[in-house]
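Structure first, then comments.
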2 protein chains.
Amino acid sequence: MASRAKATILDIAREAGVSKSTVSLVLQGSGLIRPETALKVRKAIEDVGYVYNRGAANLRKAHSNVIGMVINDLTNPFFAEMAVGMERVFQSAGVVPFIANTAENPVRQEEVLKSLMEQGVAGLIVSPARGTTPGAFRRIETAGLPIVFTMRRLPESRIPVIAPDNHRGARLATAHLIGKGHRRLAFFGGSSDLVVYHERLGGFREACEALGIASRDTLVVEGETSRRGGIACLETALAMAEPPTAALCFNDAVAFGVMLALRKRGLEPGADFAVVGFDDVVEAQHYMPALTSVAVDSAGLGERAAHVMLKMIQSRTTRAEDHIGAVNLVVRDSCGPDRRAGMGDAA
Amino acid sequence: MASRAKATILDIAREAGVSKSTVSLVLQGSGLIRPETALKVRKAIEDVGYVYNRGAANLRKAHSNVIGMVINDLTNPFFAEMAVGMERVFQSAGVVPFIANTAENPVRQEEVLKSLMEQGVAGLIVSPARGTTPGAFRRIETAGLPIVFTMRRLPESRIPVIAPDNHRGARLATAHLIGKGHRRLAFFGGSSDLVVYHERLGGFREACEALGIASRDTLVVEGETSRRGGIACLETALAMAEPPTAALCFNDAVAFGVMLALRKRGLEPGADFAVVGFDDVVEAQHYMPALTSVAVDSAGLGERAAHVMLKMIQSRTTRAEDHIGAVNLVVRDSCGPDRRAGMGDAA
DNA sequence: CCTATTAAATGGAACGTTCCAATAAATCAA
DNA sequence: TTGATTTATTGGAACGTTCCATTTAATAGG
């Protein structure tokens, strides 16, 4: 059934008693070959255990059917959710996405991008690693390969971005906290080398300003975007002379860390200290207490990014509009009852 | 800087005033070329914006440096952790892993495997989707491509498997519950079309038998391996005449669901009903209450799988030993205090 | 029956690399 | 100086496809 050396279309041709061109045509589902011939060929393909060599084909055809998906942190469930959204649309377009993880490491990212390009992908969807240098994508751009960024953008780049409305989300969340009666607010986690950070922090600041919170009553603590980072942020904040009573966290992971640290201190999240997260990962609703968070529709963003990519490939362009996804605040228990009256607003 | 059509080694050769062979040699880092020539070539490579065409190269070379990693559920943090372990060892071996998600869908799995093979991967690490037919990997095997299974095995297959000691883990956990004084035990989640399920259930049964729990005092409820499945399992169990007082769950996701459902019923996990999970994902220790779970060292298993794969590729064989990873029970709060005395054992 | 048209199948060149065998240049032994 | 050896470089064939131009076979029109 399986000859040692791998079979090629010539082997199939010999087996089926036709020419290699005919086999090639069958492989591409051309309508030019007689159905009976096609059948004979297909049988031969099965018999010799043929596997198509896309590398050889691409040598002539140029366009492959794989697109690369480069993700900065696979362990963040947020990205997994986004990936699932993308896969849904790619699948129905006959495109196969290959995922590669950079683990937030620009060097690794470089390697991964190189490998993907060498492999001849048709396009790249990237959530850039922190600390990516501005020139990191120059090569890919000049090669004319379509790229779209998701979630994160690079400072000066002209590459299209698919991301949630970070500014608005942060503003909403902050206003909600202020509406609950909090007067000393903190922004926890993230670091200023991320554009997203500035967007979210900007929304936070804007809401404070608009609603009459003096900037000396706000506290900004940078930190890792992980549970650990959240724990550290809370420690820092509580060590202050007049600590905040509520915090907007850079993302849900940070928020989980903050809640953990509160508990460890004997404080109850929600009652003693309000916390709200960002991203609304699935865990958020299952936590104790359930986490109030800014929902960004990760799967939807993934789908959108995939669509944009398909369109770019199809129209062989390297330009596309940015897409800023709608966000909405999902109010749960982690920001507690009103400080004055009762009743929480629904999302 | 970038000519429109993509540059080939011939363009480089022309630019540098050498032959294509020389360029090829430089590309491979051969020591045969004079350093100054190499430098000149490298400059030309930069100038023309060259990107290596691995497809063309593989046409002659046979072995590529990418291996495919096929995962049944990317949203399960467990697999992400495993993936990270693999990446660590592959990176230092100069191998790039491409990850593809099958979303537990055998048809999708088929497509993904096909695509990966066509792409000319050097090997495949697979956690098979539920419902994978026994013959699904025949093609790949006869093609002589190395495969290793992780976590799951197929009923009759000779493909090497890297997995935790499910039987022992379940036995340990069950014995722990019995040691705490529980007499009516349940096994929650999973379904019998998974080999893992039988292994874990087997361990559960063996412990019960060995420690004098009659099988009429045990309850087995199949269900989805997710939070939702866990919720359903608990509902079913509590509807019984003499409900169990403790449960071993198929995995942590199920356990989280069970704890959630307990809370919803006004029962306190740990105090009113003991639950232990399986896998020990990072969330386990952060839950309220913290989840007792069987730690399987996912990253370690990933590393192991990667090592086995590298060895198979290197020795061009398609056979390898199975590896059963050590497990250990991490006791936390979700299985409560002893029903008789106090004091929990440390992990 | 011959020619024009359509349908089906085919040979050969090209794609971008690697690698072998061959050449050219430099160095060494005598 | 000559031949042998080493060091650098090179042309050409091969890898497995696709696609164009061509051939062959079948069908239709008159």
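In this text, all values refer to a predicted model and were calculated from it rather than measured experimentally. Sequence lines set the chain letters: A, B, ... in the order given, protein chains first and strands last, and positions in each chain run from 1.
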Derivation and outcome, side-chain hydrogen bond (donor to acceptor under 3.5 Å, both in side chains), residues A:Q109 and A:T132: CA-CA 8 Å; A:Q109 175 172 270; A:T132 299; 3.0 Å; yes
When you look at [atom1] of [X], are more than 12 heavy atoms from neighbouring residues, nucleotides or ligands closer to it than 6.0 Å?
X	atom1	value
B:R304	CZ	no
A:H323	NE2	yes
A:K114	NZ	no

Heavy-atom check, side chain of [X] versus side chain of [Y], under 4.5 Å:
X	Y	result
A:R54	A:Y52	yes
A:E118	B:N53	no
A:E111	B:V96	no
A:V161	A:T150	no

Does anyone know the first and last nucleotide of DNA chain D in reach of chain B, 5' to 3', at under 4.0 angstrom to a heavy atom?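 Result: D:dA8 to D:dG16.
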Tell me, what's DNA chain C's dot-bracket, Watson-Crick or G-U with both distances under 3.5 Å, | for other-strand, [ ] crossing? ||||||||||||||||||||||||||||||
Spacing of A:L39 atom CG relative to C:dA8 atom P, expressed in whole Å: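 These atoms are roughly 15 Å apart.
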If you assign each of A:N53 and B:G17 to its closest nucleotide in DNA chain D, which residue comes earlier from the 5' end?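 The 5'-side residue here is B:G17.
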Pairing of B:K6 and B:D11 as salt bridge, 4.0 angstrom limit: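 Salt bridge flag = no for B:D11 with B:K6.
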Short N-O contact, B:E104 and B:R152, less than 4.0 angstrom: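 Looking at B:E104 and B:R152, the cut-off is met.
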Mind listing the residues from residues 19-35 of chain A sitting with a heavy atom below 4.0 Å of DNA chain C? Number order is fine.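 Within residues 19-35 of chain A, the residues near DNA chain C are A:S19, A:K20, A:S21, A:T22, A:L25, A:L32, A:I33, A:R34.
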Quick one about A:Q28 and A:S24 (side-chain donor to acceptor, distance below 3.5 Å, no hydrogens or angles considered), yes or no?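 The criterion, which ignores hydrogens and geometry beyond distance, is satisfied for A:Q28 and A:S24.
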Does A:D193 have any salt bridge (Lys or Arg N to Asp or Glu O under 4.0 Å) partners at least two apart in sequence or in another chain, and if so, which?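 Here no residue qualifies.
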For B:R139, all residues meeting salt bridge (Lys or Arg N to Asp or Glu O under 4.0 Å), sequence neighbours excluded: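 Residues passing salt bridge (Lys or Arg N to Asp or Glu O under 4.0 Å) with B:R139: A:E46.
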Could you run down the sub-3.5 Å N/O contacts of the protein with nucleotides 26-28 of chain C?
none

